[in-house]
Every structure is written in structure tokens, then in C-alpha cells.
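Read through the structure below, which is laid out as C-alpha cells, and then see the notes.
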Amino acid sequence: MGRYIIRRLLQMIPVFIGATFLIFVMVYALGDPVGALFGDRAPDPATAARLRAEFNLDKPLYQQYLLYMRDIFTGDFGTAFNGRPVTELMADAFPVSFRLMLVALAFEIVFGIVLGVVSGLRRGRAVDTTVLMFTLVVIAIPTFVLGTTLQFFLGVELAWIDPAVSPDARFSELIVPGLILAMVSLAYVTRLTRTSVVENLRADYIRTAVAKGLPRLRVTVRHLLRNSLIPVVTYLGADIGTLMAGAIVTERIFNIQGVGYQLFQGIVRQNSPTVVGFVTVLVLIFLLANLLVDLGYAVLDPRIRYA
Amino acid sequence: MPDERPSDESRAQAARPPQLAPEERAPRGPSPSIDATAERDPDDVLAAQEKSAVEALEATGRPESARSLSSDAWHDLRRNPVFLISALLILFLIVIAIWPGLIATRDPLYCRLGRAYEEPSAGHWFGFDNQGCDVYTRTVYGARASIAVGVCATLGVTLLGAVVGGLAGYFSRFWDPVLSRTTDIFFAIPMVLGAIVFLSMIKLGSIWPVVLVITVLGWPQIARIARGAVLSAKQNDYVHAARALGAGNTRILLRHILPNAIAPVIVMATIMLGTFIVLEATLSFLGVGLRPPTVSWGVDISAASDGMKFRNAPHILLYPAAALSLTVLAFIMMGDAVRDALDPKLR
């Protein structure tokens with residue numbers, strides 16, 4: 001187990017370097033960080049040259065990247081457009097996005113798996129067809145259409161919720177945004193669970209469990225569900241990263257000041273340290289979540305052993 | 001309550017196989033009888049068993065047993081209403097995307113501010129948007145950009161992903177570690193995020209930057225599927241046979257592996273096409289996708305939902321959003337139907 005974790009961590013290093021380098025190149029080579037500082041007006045050449053030297057922008061790209069990485073590993077993520085250190089923005093933004101992610105994940109796990117199991121067990125019946133159609137419709141409607149209309153009806157017309165989330169972003173305020181964020185993934189989780197349940201229903205161990213007279217609930221939960229959940233858990237694990245990063249649309253609609261909000265500000269204002277810093281942390285979260293999922297397999301399925 | 005009834009179902013479904021099993025097993029399970037009759041004459045026994053197996057196969061009612069996977073799939077698809085409906089819809093959309101003038105005679109860029117937010121009326125069935133443009137005309141003309149982005153991005157993603165994944169799967173000893181790690185790198189960058197970063201740096205009005213960025217960030221999913229498919233197709237006996245007969249790598253890859261590994265890639269690509277259309281709309285909503293002079297559903301939907309402009313004129317959001325959702329729905333349903341036809345295991 002220990003050796004497996006070490007091997008996986010080592011494998012993560014090239015992926016981490018590659019992904020961050022790619023983003024770094026996009027931001028620093030395609031954009032013009034110094035020009036962006038001056039807004040619409042052209043910068044004074046001498047000042048621009050001094051700033052370039054200050055931010056190491058006059059060096060070759062790979063050196064810039066190495067210097068940037070050195071700074072990151074000493075805890076210095078640079079300064080955001082409003083003069084605050086990027087680390088401070090992160091300390092504000094990540095807890096908010098994390099709460100939003102938790103709410104969305106809870107919706108996915110509870111509704112996605114329940115709907116998937118129900119429709120899988122009643123394959124071909126009316127319930128199954130309804131659930132499948134529902135998932136297709138959810139996937140087909142863009143999140144931002146669903147988000148703005150729901151915000152309008154619940155927030156403005158009915159006034160059940162606040163249309164905008166306060167900077168504290170309490171759990172109670174995040175329920176509707178979390179649901180919106182979860183929608184598409186929820187549909188995928190439902191479909192995945194359904195497929196998996198349908199496949200496992202034919203397995204020998206289910207027949208055995210039924211034949212030896214176990215209660216139905218126990219067969220469904222302990223035997224069927226536990227085996228059907230393996231692909232679902234993979235999906236959910238990969239989704240954690242997507243939910244943290246993909247909340248840009250949801251956070252923009254509901255004015256939640258989380259990771260997506262800060263990132264979008266950074267992108268619009270072409271503030272390179274903010275963008276690269278946040279993306280670096282997001283890539284790390286994504287990789288670690290995937291590792292945790294792989295370790296979680298062993299809990300769900302004792303046949304899988306890591307040596 | 002919900003716990004009890006589904007599990008009732010599970011017992012019923014699970015109980016069925018044991019009853020079926022003995023009948024199924026009869027022609028298939030030769031091993032015990034070989035042991036019992038081994039002393040007599042093994043050849044006779046084997047021949048008899050082969051004969052009975054062939055008879056059993058014929059008895060199951062497969063007159064044209066040599067039907068290929070693709071023709072088998074086509075046979076199923078023609079009878080699938082879901083496929084027929086989605087195929088007709090897609091055909092209609094493609095015709096509209098190529099010749100929008102067929103059903104919309106006005107100019108999508110002709111707008112009069114005085115008519116802004118006007119309700120639907122005769123001759124202008126979908127009303128007017130916030131700029132006073134005819135929503136019906138813009139919805140019809142919007143199909144072109146949205147579908148072009150979806151189709152071009154899917155082609156790019158599929159080609160790139162299939163080539164990388166196929167090579168990684170086929171030359172697994174040397175290329176696989178390199179290509180798989182490269183795939184992981186691109187996979188680790190969240191799609192929406194990478195697209196925004198890239199597109200905010202490039203200021204071009206056309207659809208090509210959007211297509212390019214979706215291709216660059218979307219191929220890893222296809223590559224993983226293609227790699228898996230090639231890895232399993234490579235194990236087949238006909239590949240070994242072809243190699244033994246002296247076929248080169250190119251011939252084996254194109255003639256033997258490609259036709260047998262392409263099915264999952266096609267299914268994934270059809271489903272992805274729909275999601276790419278949504279992605280284009282999302283990027284336009286965020287202000288980095290297609291830009292206003294371009295007529296697209298994404299541009300119109302984002303203009304309508306920005307600042308809740310649809311508050312007093314729901315039609316400006318409803319029609320382009322419905323057109324987009326219907327298109328995506330058609331492609332996803334088509335993907336589902338094709339998957340069911342190509343993968344009999346899921347039936």
C-alpha cells in the first residue's frame with residue numbers, strides 16, 4: 001500500500017509539471033501581463049522594461065517557469081490585480097468553493113445514486129424511461145440557462161431565496177447554486193449507476209445472495225450497490241476537480257466569491273499570477289482526488305489490492 | 001417504501017437466470033461428457049458435440065449468422081424509434097445550417113431598436129430581442145455557427161484522440177508511457193477553465209479559436225477510450241494471424257484493428273458533439289466564445305440571460321435556448337441509440 005502510494009505520487013510529478021507549464025505558457029506567452037497592468041493606454045517603454053525585469057518576464061520562458069515554481073514552493077504566489085497577495089485571495093475563495101462543491105457532491109451522491117438504482121432495478125419500465133429522459137433533458141439544457149431562470153423564478157418572482165449569495169456563503173444560501181452546479185454531473189451519475197446496476201443484476205453473486213434467502217434490502221444494499229458503485233466512485237472523484245473549477249458559471253450567476261469568481265476576475269483583468277496560481281492549486285486538487293479514489297477502490301472491492 | 005419495491009424487482013430479475021441456465025448450458029458444456037466417454041472414442045464424441053452445437057446455434061434462429069457488426073448495428077438502428085427521430089432532427093438541422101434561407105427570408109443582422117422586446121406577432125413568430133432583431137431569423141441562422149463548432153470540434157477531437165490513443169495502445173511497449181502521460185497532462189486541465197484562459201488571450205471573431213481550444217483540451221477522453229479499445233482488439237487471433245502472414249503495422253492497424261476498435265470511439269464522439277455545442281454556448285455566455293457579429297445560439301442566449309433581460313420578454317431566451325437544447329438532445333439520443341446497437345452487452 002505504502003509503495004503504491006509512493007509510485008502514484010511519483011507518477012503525478014510529470015503530469016503536474018506538464019499541466020502547470022501548459023497553463024503558464026498560455027498565460028505568459030499568449031497574453032501580455034505588463035501591458036494588461038496599464039489598461040487601455042500603451043505603457044511607457046522604460047517602465048514596461050523595468051516591470052518586465054522585475055517580474056522576470058525578460059528571461060526565456062522555461063526560466064520564467066522555473067523561477068515561478070521556485071516562488072510557489074516557498075509559498076509566494078505573487079500579487080493580484082488589486083494589490084492583495086494571491087494567497088490571501090485563495091484563503092478567501094477556496095473555503096467558499098469547497099462548501100459549494102460539498103453541496104453539489106451531496107446532491108449528486110444522494111439523488112444521482114438513488115435515481116440510478118431505482119431506474120436500474122426497473123429497467124424498461126415507466127420509471128426508468130422517465131428518469132432517462134430527465135437526464136437527457138438536463139444534459140441538453142446549458143447550466144447557465146437553468147441557473148439564470150431558476151435564479152429569476154426562485155429569487156425574484158417567488159423571493160424564496162436571495163438572488164445573490166452573500167460574501168459569507170453560508171450552506172443555506174448555497175443549496176440552489178449547489179443544485180445548479182450538480183445538475184449535469186447528477187445526470188451522468190444517474191446514467192452510470194443505472195448501467196452498472198443493470199450489469200450487476202445478472203451477476204452470480206446476486207443470484208447466490210437471493211438463493212440463500214437474504215432480505216431484499218440487504219441484497220440490494222450490501223451486494224448489488226457495493227459492486228455497482230465502483231465506476232460511480234471513479235466518476236465522482238474526477239468530478240471533484242471539475243466541480244471546483246467548473247463552478248465559474250454558477251459562481252458568476254449567483255455572485256459567489258469563490259475560486260471561479262476570482263479566476264474569472266484574474267482572466268478578465270489579465271492578472272497572470274492569479275490565474276496560474278489558482279490553476280496550479282486546482283490541478284493539484286484534481287490529481288489528489290483521483291489518487292484518493294483509487295485508494296477508495298480497495299475499501300469498496302476487497303479483490304483490488306495494491307502492493 | 002422505495003427500498004422495498006425495487007428489491008422485490010431485484011429478486012425477480014435475479015431469480016430468472018437460474019431457470020434459464022440449464023437449457024442454455026446443454027449445448028455449451030461439453031467438458032463433463034468428454035470425461036465420461038473418453039475411453040470410447042474422443043473424436044466421435046467431439047464430432048457429435050460439434051454437430052449438436054451447430055444445430056443448437058441454427059435452432060436459435062440466426063439465418064444470416066455471418067452478419068458483420070456494422071450491418072448488425074444498422075439492422076437494429078433502423079427499427080429504433082429514438083434513432084429515427086434524432087436522425088431526422090439532425091438531418092433537418094444540418095440542412096438549415098447549410099441553407100438557412102430555406103425557412104428564413106430576412107437578414108439576421110437587420111435590426112431596428114424601435115421594435116426591441118416586441119412580443120411575438122404574425123410574420124415575426126418569435127418576437128424581437130433587445131436590439132430589435134427578429135428572434136426567429138436569428139434562431140434559424142444561429143444553427144450554422146453552433147453546429148459548425150460542434151461538428152468541427154468533434155472531428156478534431158476524434159482524429160487527434162484516436163490517433164494518439166491508437167498508437168499508445170498498439171505500440172504499447174515504447175510509446176504508451178509517453179503518450180499516456182501526455183494524455184494525463186491534458187486531462188488534468190479542466191475544460192472550461194483552460195478554454196477561458198486560452199480564449200481570453202486570443203481576440204478573434206471567428207469560430208476557429210473555439211474549435212481549436214476544444215480540440216486541444218477535449219482529445220484525452222477519446223484517446224483513453226481508443227487506447228483501451230485497441231489494447232483489447234490487439235489480443236485477437238486474427239491480428240496474430242495477420243502478423244504471421246507478414247502484414248505490416250500499417251496494414252494491421254488500418255485493416256484489422258481500426259474496424260474492430262472504432263465502435264466505442266464513434267459512440268463517445270456522438271455524445272461529445274452535443275456537449276461541445278453546450279460548451280460553445282457556455283463560453284459565449286462568459287464572454288470569451290463567439291462574439292456578437294457572429295450569429296449563434298450561444299451569443300443570443302447569453303445576451304438574453306445577461307442581467308435577466310428575459311424578465312419582461314421571455315421569448316428572447318426561450319427560443320434560442322429551446323433550439324440549442326433540442327439539437328443537443330438529438331445528438332445525445334443518437335449517441336445512446338448507436339451505443340445500444342453497437343454494444344449488445346448493454347441490452
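Chain letters run A, B, ... following the sequence lines, proteins first and then strands; every chain starts at 1. These numbers come from a predicted model, not from an experiment.
- Residue with the most contacts toward chain A among B:Asp184, B:Leu279, B:Ile277, B:Ile196: B:Ile196 (heavy-atom pairs, distance under 4.5 Å).
- Each of B:Leu324, B:Thr282, B:Ile301 was compared with A:Val145 under the side chain to side chain contact (heavy atoms under 4.5 Å, CB included) criterion, and only B:Ile301 meets it.
- Heavy-atom distances place the side chain of A:Leu22, and not its backbone, under 4.5 Å from chain B.
- Annotation for A:Ala140 and B:Ser325: closest pair CB-O, 3.4 Å, computed over non-hydrogen atoms.
- Interface check for chain B: of the options A:Leu282, A:Ile141, A:Val275, A:Val127, the most heavy-atom pairs under 4.5 Å are formed by A:Ile141.
- Taken from CZ in A:Phe144 to CG in B:Leu283, the straight-line distance is 9.5 Å, to the nearest 0.5 Å.
- Atom CG of B:Leu286 sits about 6.5 Å away from atom CD1 of A:Ile248, to the nearest 0.5 Å.
- Taken to the nearest 0.5 Å, the CG atom of B:Asp336 stands 4.0 Å off from the CZ atom of A:Arg191.
- The closest side-chain heavy-atom distance from B:Phe285 to A:Ile253 is below 4.5 Å.
- Looking at A:Arg218, neither its backbone nor its side chain comes within 4.5 Å of chain B, counting heavy atoms on both sides.
- With rounding to the nearest 0.5 Å, the separation of CG in A:Leu136 from CZ in B:Phe331 is 14.5 Å.
- Contact of B:Thr182 with chain A is not made at all, since no heavy-atom distance falls under 4.5 Å.
- The number of heavy-atom neighbours closer than 6.0 Å to CZ of A:Arg222, taken from other residues, nucleotides and ligands shown, is 12 or below.
- In this structure, chain B has a heavy atom under 4.5 Å from the side chain of A:Leu263, while its backbone stays farther away.
- When heavy atoms are compared at a cutoff of 4.5 Å, A:Phe21 does not approach chain B at all.
- No part of A:Ile17 comes within reach of chain B, as not one of its non-hydrogen atoms sits under 4.5 angstrom from that chain.
- In this structure, the separation between CZ on A:Phe286 and CG on B:Leu193 is 12.0 Å, given to the nearest 0.5 Å.
- With a 4.5 Å cut-off on non-hydrogen atoms, B:Ala321 touches chain A through its side chain but not through its backbone.
- A side chain to side chain contact (heavy atoms under 4.5 Å, CB included) with B:Ile332 is found for one member of A:Ile139, A:Val137, A:Thr135 and no other, namely A:Ile139.
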